[in-house]
Amino acid sequence: MEKENLTFKKGIKDGLPIGLGYFPVAFAFGVKASLLSVPVLISVLISMTNVTSAGQLAGLNVIATLGSFLEIIILQLVINLRYGLMSITLSQKVDGSFNLRNRLLCSAFITDEIFAVASSKKSLINNKYFYGLALLPYIGWALGTVVGALAGNILPADVSACLNIALYAMFIAIIIPPSMENKGVLITILFSTAVSCALYYIPLFSFLSEGFKIIISAILSACVIAFIFPVKQENDEGESV
Amino acid sequence: MNPILKMILLTLTMALITYLIRAIPITFLRRKIKSEYINSVLFYIPYAVLSAMTFPYIFYSTGNFYTALCGTVVAFIASLTKRSLVIVAILACVAVFVLGLII
């Protein structure tokens, strides 16, 4: 297949807006981590080894409270399952330059936004383009975390309190637009929200940790709604997120 | 266990799991999954996860229920008009901050 002009430089260019977008989100993550008394170096280690907003946010609570390994494993499996889907899609999208070593390395950088850009290319993508694309988002994510974690200790309380809502607001921005076009998505959101609130507010379930409440809500909703509203095969899985 | 050591081990465990989820399919899987049910579950999982992570926790994210509610409503409205993720996040933060100054 033709290489087009998918060079390393083109990748950098495509990655710039993603990197700029990641900075404030990572900043908010860093602030939250410092409010939970997680040391700066640990926050940075989390961001540099995980590169995932939702997974890190959920994992952060387990880390800050020194929770169980089993909980963090199941939590990440469920929350980050979508990366597995993206990885499947990308496996059909990469050209011969992706040998085993490149596949093992590039997969560390599969995020929602990098996936969205890479998979939207008309031709197959080569490894140079992919690494260019991933570079600035990775730097933005790590740098934002450092600055946020350092600033979290000196920011006035009301400023850091309002930053705490940033990641949640971003999640709303991810789920609402597709829910307007897809009934199954809308019902999944309503169902999962209802289950999550029930587990949160009904005292009977207070023995469950926050992570397990999220896991139960998510798996139950997806399994039930998938049964009632099966997705036709021509829909490309998970592309919209 | 030393708390810092445990934090590091939890972080690395989290990283390893996240990495394996990303690496295994692209490295080993070349065929498409055929089951419509499994594909549907996989399609809905991200929305289910993000909803469960957001609600009701967003209401307690700012330390004040009313500023958080205001931020949530602003995020909703901004999302309905399909603003970018960063814009939605910033608008919600500003709404929380401004209401926090007033009340």
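Every heavy atom of this structure was used, including side-chain atoms; hydrogens, water molecules and symmetry mates were not. Residue numbering restarts at 1 for every chain, and letters A, B, ... go by the order of the sequence lines.
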key: Top of Ser217(A), Gly84(A), Cys106(A) for chain B proximity - count of heavy-atom pairs under 4.5 angstrom   = Gly84(A)
message = Among Phe109(A), Phe69(A), Tyr22(A), which residue has the highest count of heavy-atom pairs closer than 4.5 Å to chain B?
response = Phe69(A)
request  = Please say whether more than 12 non-hydrogen atoms of neighbouring residues, nucleotides or ligands are located less than 6.0 Å from CG in Leu12(B).
outcome  = yes
request  = Give, as side chain, backbone, both or neither, the part of Leu9(B) having an atom under 4.5 angstrom from any heavy atom of chain A.
outcome  = both
query = Where on Leu80(B) is there a heavy atom nearer than 4.5 Å to chain A: the side chain, the backbone, both, or neither?
reply = both
key: Residue Thr72(B) versus chain A: region with a heavy atom under 4.5 Å   = both
ask   = In terms of heavy-atom pairs under 4.5 Å with chain B, which of Leu105(A), Leu57(A), Ile175(A), Ile172(A) leads?
value = Ile172(A)
request  = Answer with side chain, backbone, both or neither: which region of Tyr200(A) has an atom nearer than 4.5 Å to a non-hydrogen atom of chain B?
outcome  = side chain
Test log, rule side-chain contact (heavy atoms from CB on, under 4.5 Å), inputs Met14(B) and Leu60(A) = CA-CA 10 Å; Met14(B) 178 162 97; Leu60(A) 183 63; over 6 Å; no
request  = Indicate whether any N or O donor in one side chain lies under 3.5 Å from an N or O acceptor in the other, for Ser47(A) and Thr145(A).
outcome  = yes
ask   = Do you know which of Ala78(B), Ala23(B), Ser61(B) has the most heavy-atom pairs under 4.5 Å to chain A?
value = Ser61(B)
inquiry  = At a 4.5 Å cut-off on heavy atoms, which part of Val78(A) comes close to chain B: side chain, backbone, both, or neither?
reply    = both
inquiry  = Using 0.5 Å steps for rounding, measure from the CD1 atom of Ile228(A) to the NZ atom of Lys183(A).
reply    = 10.5 Å
query = Any idea how Phe55(B) and Phe59(B) line up, ring-wise: parallel (<30°), tilted (30 to 60°), or perpendicular (>60°)?
reply = tilted
request  = Anything under 30° is parallel, anything over 60° is perpendicular, the rest tilted; go ahead and classify Phe29(A) against Trp141(A).
outcome  = parallel
ask   = Checking heavy atoms, do the side chain of Ile165(A), its backbone, both or neither come under 4.5 Å from chain B?
value = both
request  = Mind ranking Ile225(A), Leu90(A), Ile216(A) by heavy-atom pairs under 4.5 Å with chain B and telling me who comes out on top?
outcome  = Ile225(A)
query = Contact part of Ser68(A) toward chain B, heavy-atom cut-off under 4.5 Å: side chain, backbone, both or neither?
reply = backbone
task = Among Ala166(A), Ser107(A), Ser221(A), single out the residue with the greatest number of heavy-atom pairs under 4.5 Å to chain B.
result = Ser107(A)
Partner chain A: residue of Gly71(B), Gly100(B), Pro3(B) with the largest heavy-atom pair count (under 4.5 Å) = Pro3(B)
request  = Could you walk me through whether Glu36(B) and Val231(A) pass side-chain contact (heavy atoms from CB on, under 4.5 Å), step by step?
outcome  = CA-CA 7 Å; Glu36(B) 189 179 80; Val231(A) 181; 6.0 Å; no
request  = Identify which part of Pro24(A) has an atom lying under 4.5 Å from any heavy atom of chain B, answering side chain, backbone, both or neither.
outcome  = side chain
note = Here the gap from Ile88(A) atom CD1 to Tyr83(A) atom OH, rounded to the nearest 0.5 Å, amounts to 15.0 Å
query = Who among Arg83(B), Met53(B), Lys82(B), Met1(B) has the most heavy-atom pairs with chain A under 4.5 Å?
reply = Met53(B)
message = Please identify, among Ile17(B), Val49(B), Ile21(B), Val41(B), the residue contributing the most non-hydrogen atom pairs under 4.5 Å to chain A.
response = Ile21(B)
request  = Spell out, as yes or no, whether a donor-acceptor pair under 3.5 Å connects the side chain of Ser179(A) to the backbone of Leu186(A).
outcome  = no
inquiry  = Between Lys213(A) and chain B, with a heavy-atom cut-off of 4.5 Å, which part of the residue counts as in contact: side chain, backbone, both or neither?
reply    = side chain
inquiry  = To the nearest 0.5 Å, what is the distance between CG on Leu45(A) and OG1 on Thr11(B)?
reply    = 5.5 Å
key: Qualifying residues under side chain to side chain donor-acceptor pair (under 3.5 Å), relative to Tyr44(B), sequence neighbours excluded   = none
task = Please step through side-chain contact (heavy atoms from CB on, under 4.5 Å) for the pair Leu124(A) and Val94(A), ending with a clear verdict.
result = CA-CA 5 Å; Leu124(A) 294 180; Val94(A) 295; over 6 Å; no
query = Side chain, backbone, both or neither: which part of Met180(A) has a non-hydrogen atom closer than 4.5 Å to chain B?
reply = side chain
Atom group of Ile72(A) that falls short of 4.5 Å from chain B, counting heavy atoms = side chain
query = Which answer fits Leu99(B), side chain, backbone, both or neither, if we ask what part of it has an atom under 4.5 Å from a heavy atom of chain A?
reply = neither
ask   = For Phe229(A), is it the side chain, the backbone, both or neither that has a heavy atom under 4.5 Å from a heavy atom of chain B?
value = both
task = Flag yes if more than 12 heavy atoms outside Phe227(A) fall under 6.0 Å of its CZ atom; otherwise flag no.
result = no
key: Most chain A-contacting option - heavy-atom pairs closer than 4.5 Å, from Gly63(B), Ala75(B), Pro56(B), Ala68(B)   = Pro56(B)
note = Those residues at least two apart in sequence (or on a different chain) that pass salt bridge (Lys or Arg N to Asp or Glu O under 4.0 Å) with Lys6(B) are none
remark   = Per-residue tally against chain A (heavy atom, under 4.5 Å) across Val88(B), Val96(B), Ile38(B), Ile58(B) peaks at Ile58(B)
query = Between Thr62(B) and Asn64(B), do the side chains contain an N or O donor and an N or O acceptor separated by less than 3.5 Å?
reply = no
request  = Examine whether an atom of Tyr201(A) lies under 4.5 Å from a heavy atom of chain B, and if so say whether it belongs to the side chain, the backbone or both; otherwise answer neither.
outcome  = side chain
inquiry  = Quick check for you: among Leu104(A), Val224(A), Ile219(A), which has the greatest number of heavy-atom pairs under 4.5 Å with chain B?
reply    = Leu104(A)
